[in-house]
Novice: 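Here's a structure for you.
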Amino acid sequence: MPGRILIVDDDPAMTELLRLDLAHRDFTPVCADSAEAAFQLLGQQPFDVVLTDLAMPGMGGIELCDRIAANHPDLPVVVLTGFGSLETAVAAIRSGAYDFVTKPVDLDLLHLVINRAARHHELQEQVRTLSAAVERSQRFETLLGASPAMQRLFDELARVAALDTQVLITGENGTGKELAARALHARSPRAHGPFIAVNCAALPHNLLESELFGHVRGAFTDARSARSGLFAEAAGGTLLLDEIGDFPLELQPKLLRVLEQRTLRPVGADREVPFDVRVIAATNRDLQTAIEERRFREDLFFRINVIQIELPPLRARGTDVLLLAQHFVDHFADRLHKPVTGISQPVAERLLAYAWPGNVRELRNAVERAVALTQREKLVVEDLPERIRAYRSAELSLGGENPGELATMEEVERRYIRHVLNAAAGNKTVAARILGFDRKTLYRKLERYGIETESN
Ligand SMILES: Nc1ncnc2c1ncn2[C@@H]1O[C@H](COP(=O)(O)OP(=O)(O)OP(=O)(O)O)[C@@H](O)[C@H]1O
Ligand SMILES: [Mg+2]
C-alpha cells in the first residue's frame with residue numbers, strides 16, 4: 001500500500017537518495033530541507049509517513065516529533081539516527097516517533113519500517129471510520145462483508161437464490177452457513193413460506209427418519225399419534241439439512257429417493273406423497289473424504305451438490321474482521337446496555353493477526369465477552385481472550401498510543417542490538433564498538449535476548 005512520504009533532511013544528497021529509492025518502490029516522496037519547511041508542508045498536504053533526520057540546523061528532529069505529536073497525532077514519524085546513539089533514538093520515541101532506522105541507512109530495512117508505519121496509519125484511519133464503514137457496508141440479507149471474497153459470495157447467492165435448485169453450502173465451522181441458507185430463502189420466491197433447519201447430527205438415527213418424513217399413528221411403539229414431519233412442515237418454503245455429512249448412512253438411500261422423486265413416504269405409511277420444499281444442505285465436512293471412507297454415498301452427494309456454495313474462512317476476508325467486530329460491538333453494547341462504541345487500534349492489529357479457527361462465531365463470542373468485561377469506551381487488548389491477545393504480530397512497533405502496548409526498554413535494546421549486528425554484517429567486534437559495549441557485555445546481552453549469530 002504505497003503512500004505519501006515526507007522526507008526531512010538538510011543534506012540534499014541524502015534526501016535525493018531517499019527520494020529516488022522510495023519513488024522506485026512506488027511511494028510518493030516529497031522532500032523538505034528543514035523541519036520548519038516540513039511542518040509547513042504538513043499543514044498543506046496529507047501525508048502517510050514522515051521520515052526525518054534528527055540533527056538539522058534550526059528546528060531539530062526531536063522537536064519536529066514533538067510538534068507533529070501535538071498537531072498531527074495520527075501521523076507516524078520514522079527518525080534516522082546515527083549509530084551508537086540509542087539515547088537519541090529513545091528520546092525520539094519518547095517524543096512520539098513511531099520507529100527509528102540507523103544510519104548508514106539499510107534501504108531494505110527502511111522500506112520495511114516505512115511500510116509498517118504506512119500500514120499503521122491506514123489502520124488507524126480504518127479503525128476511526130469503522131462505524132461508518134459498517135453503515136455503508138455491503139450486505140446480503142444479514143450477511144455482512146466488504147472483502148472481494150464476500151462480494152463474490154453475494155453475487156453467487158444472488159444468482160442462485162431465485163433458482164429452485166438443490167444447493168450445497170460448505171465451509172468451516174462458524175463461517176455463516178446457516179445465515180447463508182436463510183439469506184437464500186429470504187431472496188427466493190419461497191420467502192413468504194417457512195424456513196426450517198434441522199441438524200442431522202443432533203438426532204438419533206431412528207428418530208431422524210420420522211422427524212424428517214413423519215410417521216403414521218402406530219408406526220412404531222411410541223407413535224401414539226401421527227406426525228407430519230419437517231418436509232411437510234416446510235411446505236412452500238425451505239428446509240435446511242444442516243451437517244449433512246453426518247446423515248446416517250443407512251438412511252441415505254431413502255433421502256436420495258425422496259430428492260429424486262420429489263415424493264416421500266412417512267414411516268408406516270403405504271403411500272408416497274409429493275412435497276413442495278426447496279432443500280438446502282450444509283456441511284463443514286469434506287464430503288469427498290467421507291465418500292472415500294464409505295460414510296457418505298456418492299450418488300447422494302451428486303444429488304445434493306447441484307450447485308455448491310463455499311463460505312470463505314474469516315481469515316480469507318481481510319479487514320472484514322474489523323467490520324464484523326464493529327458490528328458485534330454495536331450489537332452487544334446495545335443488548336448489554338454498555339456505552340462501548342468500538343475497538344482500539346491495538347485490538348484491530350490482534351484481530352487481523354489471529355487465524356480465527358472458529359471463524360465468525362469465535363469472533364462474535366470474543367466480542368460479546370469483551371463488551372461484557374470492558375471498562376472502556378473502546379475495547380482494549382486486555383479485554384480480548386488470552387489466545388487472541390497472545391497473537392501479536394512479530395513486528396512490534398515502538399510508537400503506540402496505548403500505554404499497555406509500548407515496548408519495554410529491553411525490547412528497544414534487543415532490537416537495536418540486532419540491527420547493529422546486521423549492519424556490521426555479524427561482526428561482533430565492530431558491533432560492540434558501535435554499541436559502546438565490551439565484547440563480554442555484548443555476548444551476555446546476545447545470550448540474554450536470544451539473538452542468534454554466526455560465531456565470529
Ligand atoms: N457475514 C456475517 N455477517 C454477520 N454475522 C455473521 C456472518 N457470518 C456469520 N455470522 C454470525 O456468526 C455466527 C455463526 O454463523 P452460522 O451459525 O451461520 O455459522 P455456521 O457456518 O452454520 O456454523 P457451524 O458450522 O458451527 O454450524 C452466527 O451468530 C451468525 O449470525
Ligand atoms: Mg451451522
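Each ligand, and each atom within it, is numbered from 1 in the order the structure gives.
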Novice: Look at atom 12 (O) of ligand 1 and say which protein heavy atom is nearest, naming residue and atom and giving the distance to 0.1 Å.
Specialist: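 Result: V360 CG1, 3.5 Å.
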
Novice: Salt bridge check: are D242 and K177 linked by an N-O gap of less than 4.0 Å?
Specialist: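 Answer for the salt bridge query: no.
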
Novice: According to side chain to side chain donor-acceptor pair (under 3.5 Å), who are the partners of D66, at least two apart in sequence or on a separate chain?
Specialist: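 For D66 the side chain to side chain donor-acceptor pair (under 3.5 Å) partners, ignoring immediate neighbours, are S95.
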
Novice: By side chain to side chain contact (heavy atoms under 4.5 Å, CB included), which residues pair with D320, not counting sequence neighbours?
Specialist: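 Side chain to side chain contact (heavy atoms under 4.5 Å, CB included) list for D320, sorted by chain: A146, S147, M150, R317, L323.
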
Novice: I'd like to check whether N173 has a polar contact with ligand 1, where a contact means an N/O of the residue lying under 3.5 Å from an N/O of the ligand.
Specialist: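 Yes - when backbone and side-chain N and O of N173 are compared with those of ligand 1, one distance drops under 3.5 Å.
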
Novice: Between D320 and ligand 1, find which residue part has any heavy-atom pair under 4.0 Å and reply side chain, backbone, both or neither.
Specialist: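 D320 to ligand 1: no contact under 4.0 Å from either part.
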
Novice: Do NZ/NE/NH1/NH2 and the carboxylate oxygens of E172 and R315 come within less than 4.0 Å?
Specialist: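 Yes, this pair counts.
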
Novice: Can you confirm, on distance only, whether ligand 1 has an N/O atom lying under 3.5 Å from any N/O atom belonging to G174?
Specialist: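 N/O-N/O distance under 3.5 Å: yes.
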
Novice: Kindly say whether the aromatic ring centers of H121 and Y98 come within a distance under 6.0 Å.
Specialist: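 No, the ring of H121 stays outside the 6.0 Å limit from the ring of Y98, centre to centre.
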
Novice: Any idea which protein heavy atom is nearest atom 5 (N) of ligand 1, and the distance to it?
Specialist: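 It is L179 CD2, 3.7 Å.
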
Novice: Contact between T142 and ligand 1, counting heavy atoms under 4.0 Å?
Specialist: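 Yes, that is the case, since the closest heavy atom of the residue is under 4.0 Å from the ligand.
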
Novice: With heavy atoms of E178 as the reference, note each atom of ligand 1 found under 4.0 Å away.
Specialist: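 Heavy-atom distances to E178 below 4.0 Å select 18 (O), 22 (O).
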
Novice: Considering non-hydrogen atoms of the protein only, which is the closest contact for atom 1 (N) of ligand 1, and what is the distance?
Specialist: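 Sorting protein heavy atoms by distance from atom 1 (N) of ligand 1 puts L144 O, 3.0 Å first.
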
Novice: Assess, by modelled atom type and distance only, whether the side chains of R227 and H215 contain a donor and an acceptor separated by less than 3.5 Å.
Specialist: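 No - no donor-acceptor pair under 3.5 Å links their side chains.
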
Novice: Looking only at protein heavy atoms, which one is nearest to atom 20 (P) of ligand 1, and how far off is it?
Specialist: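 Nearest neighbour among protein heavy atoms for atom 20 (P) of ligand 1, to 0.1 Å: K177 N, 3.4 Å.
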
Novice: Can you tell me the protein heavy atom closest to atom 29 (O) of ligand 1 and the distance?
Specialist: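 Checked against all protein heavy atoms, atom 29 (O) of ligand 1 sits closest to R364 CD, 3.2 Å.
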
Novice: Counting each atom of ligand 1 from 1 as listed, which ones have a heavy atom of L324 under 4.0 Å away?
Specialist: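 Listed by number with element: 2 (C), 3 (N), 4 (C).
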
Novice: From D99 CG over to I114 CD1, what is the distance, rounded to the nearest 0.5 angstrom?
Specialist: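 Answer rounded to 0.5 Å: 10.5 Å.
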
Novice: When you compare the side chains of R303 and Q166, does any donor N or O come within less than 3.5 Å of an acceptor on the partner?
Specialist: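 Side-chain D/A pair, R303 to Q166: absent.
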
Novice: Contact between I244 and L255 at the side-chain level, heavy atoms closer than 4.5 Å - yes or no?
Specialist: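 Yes. Closest side-chain heavy atoms under 4.5 Å.
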
Novice: Can you report which non-hydrogen protein atom sits closest to atom 17 (O) of ligand 1, along with the distance?
Specialist: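 Going atom by atom, the protein heavy atom closest to atom 17 (O) of ligand 1 ends up being R361 NH2, 2.9 Å.
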
Novice: What residue and heavy atom of the protein are closest to atom 27 (O) of ligand 1, and at what distance?
Specialist: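 Residue, atom and distance for the closest contact: E243 OE2, 3.8 Å.
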
Novice: Output the list of atoms in ligand 1 that are nearer than 4.0 Å to some heavy atom of G176, sorted by atom number.
Specialist: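 Selected atoms, number and element: 8 (N), 9 (C), 15 (O), 16 (P), 18 (O), 19 (O), 20 (P), 21 (O).
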
